[in-house]
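Just follow the structure's listing: the first ligand is 1, and inside any ligand the first atom is 1. Given the structure is predicted, the values throughout are model-derived calculations rather than measurements.
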Amino acid sequence: MRVVIAGAGLAGLSCAKYLIDAGHTPIVLERRDVLGGLVAAWKDSDGDWYETGLHAFFGAYPNMLQLFKELGIEDRLQWKEHTLIFNQPDKPGTLSRFDVPDIPAPFNIIASILRNNDMLTWEQKIRFAIGLLPAIVRGQKYVEEMDKYSFSDWLKRQGVGERVASDVFIAASKALTFINPDEVSSTILLTALNRFLQERYGSKIAFLDGSPTERLCQPIVDYITERGGEVRLNAPLKEILLNPDGTVKGFLLRGLNGEPDEEVTADFYVSAISVDPLKVMLPEPWKQMEFFQKLEGLEGVPVINLHLWFDRKLTDIDHLLFSRSPLLSVYADMSNTCREYANPSRSMLELVLAPAKDWISKSDEEIVWATMAELEKLFPDHFKGDNPAKLLKSHVVKTPRSVYKATPGRQQYRPPQQTPVANFFLSGSYTMQRYLGSMEGAVLSGKLTAQAISDSLRGDNGAIATSVANSSNLQTLTRPPATNAATA
Ligand SMILES: Cc1cc2nc3c(=O)[nH]c(=O)nc-3n(C[C@H](O)[C@H](O)[C@H](O)COP(=O)(O)OP(=O)(O)OC[C@H]3O[C@@H](n4cnc5c(N)ncnc54)[C@H](O)[C@@H]3O)c2cc1C
């Protein structure tokens with residue numbers, strides 16, 4: 001079957017990959033001249049990469065890790081020490097670590113929390129452990145029910161002090177969703193905590209060894225095109241054309257550089273574009289349908305990614321760092337963490353600025369200036385005194401609408417991959433899957449879409465149904481994620 005997919009982010013590419021595995025022919029149409037959507041990256045005139053986002057991979061990403069394996073590129077993930085590292089705002093320049101010992105979950109995480117006395121008092125640890133019990137005992141059902149509360153409200157209800165929210169979970173909340181604990185749905189943080197508590201290597205972090213566009217997206221494209229599929233850049237979906245019965249007749253592509261518009265037809269159609277442009281593009285008759293009306297409950301959240309090149313080394317830490325700063329979220333010295341960006345004598349900090357709603361319309365200069373002021377607290381030794389570190393150059397990448405804003409009550413608006421329109425499907429990390437707005441969520445959503453297309457054929461076409469059922473890659477779709485044996 002021929003399947004046209006709009007959007008070459010990780011969801012669209014993963015969908016195409018798993019459709020190929022099931023014997024179909026995907027054609028991916030990407031609006032921009034770069035692959036990857038929110039993982040897209042570019043090279044500047046000096047040959048230095050800059051990215052839409054600082055991306056960390058977790059051991060608790062079974063579908064992503066399986067994809068790396070299937071593509072034969074597992075060696076591109078650079079696994080770091082099993083630890084989570086936080087800045088201590090009240091002690092500038094110092095760090096606090098949650099070192100996770102190599103023992104079975106959840107004892108490894110419990111041990112890491114018990115051994116860290118910088119960030120939580122014993123009373124807070126005990127209160128938090130008790131507060132977490134319903135999530136551990138009742139599992140995902142309880143976690144989903146808690147979507148009605150912000151994480152700050154949930155902590156209050158569980159009798160855990162406000163300080164825990166500001167001290168520890170501001171970092172986790174901003175890292176996972178780019179918003180603060182008083183805004184984020186508790187389902188998000190409880191889901192992540194549950195995964196970390198259940199999987200021995202779930203909280204272990206890896207960095208890709210180069211740019212996601214080249215080192216992750218391109219191998220997926222090669223896999224697709226070598227097997228008869230197609231991926232087209234500069235191919236923006238302009239309109240979804242309908243048949244009289246409301247099913248899709250074709251995708252109309254906007255002609256660029258004076259070229260005429262082009263209609264692309266197929267047996268099935270997938271939107272793997274983010275939710276905000278999709279809402280704008282919905283055909284009028286679909287706007288009357290409750291399924292599509294629900295999309296109004298979702299919108300992308302702003303975030304900013306900064307790259308700062310310095311004249312010297314600021315740190316030798318080869319890991320993700322949680323800044324716990326009001327301005328910044330996570331950051332890393334990419335000259336240490338990423339093979340292709342490596343530099344033994346100069347640091348390149350990649351930093352996520354979040355929440356970004358008050359910053360997104362400011363100039364790059366203002367954003368860099370505010371970040372530099374923050375760095376004086378993170379690296380006081382290098383920015384105070386007679387010979388402060390010099391900023392050589394910077395790149396600021398603003399994304400006004402990134403992953404869906406995970407405020408309380410959003411779960412009910414996240415659509416399944418199958419829609420009421422027989423030949424139209426959705427993919428994207430905003431669609432309903434258990435891994436939230438993440439790379440893992442995007443890859444899983446693409447897989448689920450491929451599965452939904454194959455399922456929809458099962459009734460009509462026994463031959464295709466058989467080939468799908470026999471596909472080893474697709475068989476894993478309905479299984480819960482297995483524990484990962486990610487190694488350093
Ligand atoms: C700053 C930042 C940091 C992040 N850090 C992490 C992290 O550490 N770990 C993690 O797991 N996740 C992280 N994420 C989230 C992760 O990047 C996303 O969840 C994931 O990449 C989303 O993939 P997607 O395919 O669902 O959507 P997108 O990547 O948004 O893809 C949608 C695609 O559709 C295209 N498109 C839009 N309109 C059209 C059109 N009309 N026609 C054709 N194509 C169109 C877009 O150009 C884009 O390529 C981060 C995101 C950001 C922004």
Side-chain angles (χ1 to χ4, degrees), residues 4-16 27-41 50-58 60-61 63-65 174-178 192 205-208 212-213 216-217 220 231-240 251-254 256 264 270-281 300-307 320 322 328-332 350-354 356 360 396-404 406 414 417 426-431 433 435-446 448-449:
V4 176
I5 302 163
L10 286 175
L13 292 175
S14 149
C15 179
I27 297 103
V28 185
L29 308 168
E30 166 57 42
R31 176 175 62 98
R32 301 198 292 178
D33 60 0
V34 60
L35 295 168
L38 293 180
V39 303
Y50 59 103
E51 313 180 328
T52 313
L54 169 62
H55 278 89
F57 297 73
F58 285 89
Y61 279 8
N63 296 283
M64 178 60 96
L65 300 188
K174 281 164 48 129
L176 289 168
T177 61
F178 314 134
I205 290 174
F207 281 68
L208 195 57
T213 307
L216 171 58
C217 298
I220 312 179
V231 180
R232 284 171 61 183
L233 298 178
N234 298 309
L237 174 62
K238 177 182 171 188
E239 197 182 334
I240 301 171
F251 273 0
L252 188 68
L253 302 189
R254 185 183 305 284
L256 300 179
V264 183
V270 177
S271 160
I273 69 178
S274 22
V275 69
D276 302 283
L278 174 64
K279 285 191 294 190
V280 177
M281 205 169 288
V301 64
V303 65
I304 298 171
N305 201 49
L306 286 106
H307 311 71
L320 186 74
F322 294 80
L328 302 171
S329 171
V330 285
Y331 67 100
E350 194 167 331
L351 312 104
V352 179
L353 189 158
I360 200 82
V396 176
V397 182
K398 296 179 188 172
T399 306
R401 289 178 185 270
S402 67
V403 294
Y404 78 95
R414 295 176 68 198
Q417 289 71 34
L426 299 176
S427 245
S429 65
Y430 73 91
T431 62
Q433 37 72 26
Y435 287 96
L436 318 170
S438 63
M439 293 187 287
E440 169 70 6
V443 167
L444 174 57
S445 77
L448 291 171
T449 310

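- Atom CD of residue E440 and atom OG of residue S429 lie 11.0 Å apart, to the nearest 0.5 angstrom.
- Between E30 and G9, the shortest heavy-atom contact is OE1-N, 4.3 Å.
- Of all protein heavy atoms, the one closest to atom 8 (O) of ligand 1 is A56 N, 2.8 Å.
- Contact atoms of ligand 1 toward G437: 15 (C), 19 (O) (distance under 4.0 Å to a heavy atom of the residue).
- In summary, the atoms of ligand 1 found under 4.0 Å from a heavy atom of G53, numbered by their order in the structure, are 1 (C), 2 (C), 3 (C).
- Under the 4.5 Å side-chain criterion, counting only non-hydrogen atoms from C-beta, L216 is in contact with L10.
- Of the protein's non-hydrogen atoms, I273 CG2, 3.3 Å is the one closest to atom 45 (C) of ligand 1.
- To the nearest 0.5 angstrom, S438 atom OG is 11.5 Å from L38 atom CG.
- The shortest contact between atom 37 (C) of ligand 1 and any protein heavy atom is with R31 NE, 3.5 Å.
- Given atom 53 (C) of ligand 1, the protein heavy atom at minimum distance is V303 CG1, 3.6 Å.
- Within a 4.0 Å radius of atom 31 (O) of ligand 1, the protein contributes one or more non-hydrogen atoms.
- Of all the atoms in ligand 1, the ones that sit under 4.0 Å from a non-hydrogen atom of V403 are 15 (C), 18 (C), 19 (O).
- Scanning all protein heavy atoms for the shortest distance to atom 25 (O) of ligand 1 gives A11 N, 2.9 Å.
- Side-chain contact between L54 and L320 is present, with heavy atoms from C-beta onward closer than 4.5 Å.
- When heavy-atom distances to ligand 1 are checked against a 4.0 Å cut-off, V330 has no atom that comes that close, whether in backbone or side chain.
- Atom 22 (C) of ligand 1 has S429 OG, 3.7 Å as its closest protein atom, hydrogens excluded (heavy atom only).
- For ligand 1, the atoms lying closer than 4.0 Å to a non-hydrogen atom of A272 are 32 (C), 33 (C), 34 (O).
- Assignment of G441 to the shell around ligand 1 is not supported, since no heavy atom sits closer than 4.0 Å.
- Closest heavy-atom approach to atom 40 (C) of ligand 1 within the set L237, L176, L10: this belongs to L237.
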request  = Before giving the answer on side-chain contact (heavy atoms from CB on, under 4.5 Å), spell out for I304 and I360 the whole-Å C-alpha distance, their side-chain angles and the decisive distance to 0.1 Å.
outcome  = CA-CA 7 Å; I304 298 171; I360 200 82; 3.8 Å; yes
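- Residue H55 holds its NE2 atom at 5.0 Å from CE of M439, rounded to the nearest 0.5 Å.
- The nearest heavy-atom contact from the protein to atom 50 (C) of ligand 1 is H55 NE2, 3.2 Å.
- The M281 neighbourhood of ligand 1 comprises atoms 41 (N), with distances under 4.0 Å to a heavy atom of that residue.
- Of all atoms in ligand 1, numbered sequentially from 1 with element shown, those under 4.0 Å from a heavy atom of G36 are 29 (O).
- Using a 4.5 Å cut-off on side-chain heavy atoms (C-beta onward), I205 and F57 make no contact.
- Residue I220 holds its CD1 atom at 11.5 Å from SG of C15, rounded to the nearest 0.5 Å.
- Each of the atoms 9 (N), 10 (C), 11 (O) of ligand 1 lies under 4.0 Å from some heavy atom of Y61.
- Residues T177 and V301 have side chains not in contact (no heavy-atom distance under 4.5 Å, counting atoms from C-beta outward).
- The single protein non-hydrogen atom nearest to atom 47 (O) of ligand 1 is E30 OE2, 2.6 Å, given as residue, atom name and distance.
- Atoms of ligand 1 found under 4.0 Å from any heavy atom of L29, numbered from 1 in the order shown, are 43 (C), 44 (N).
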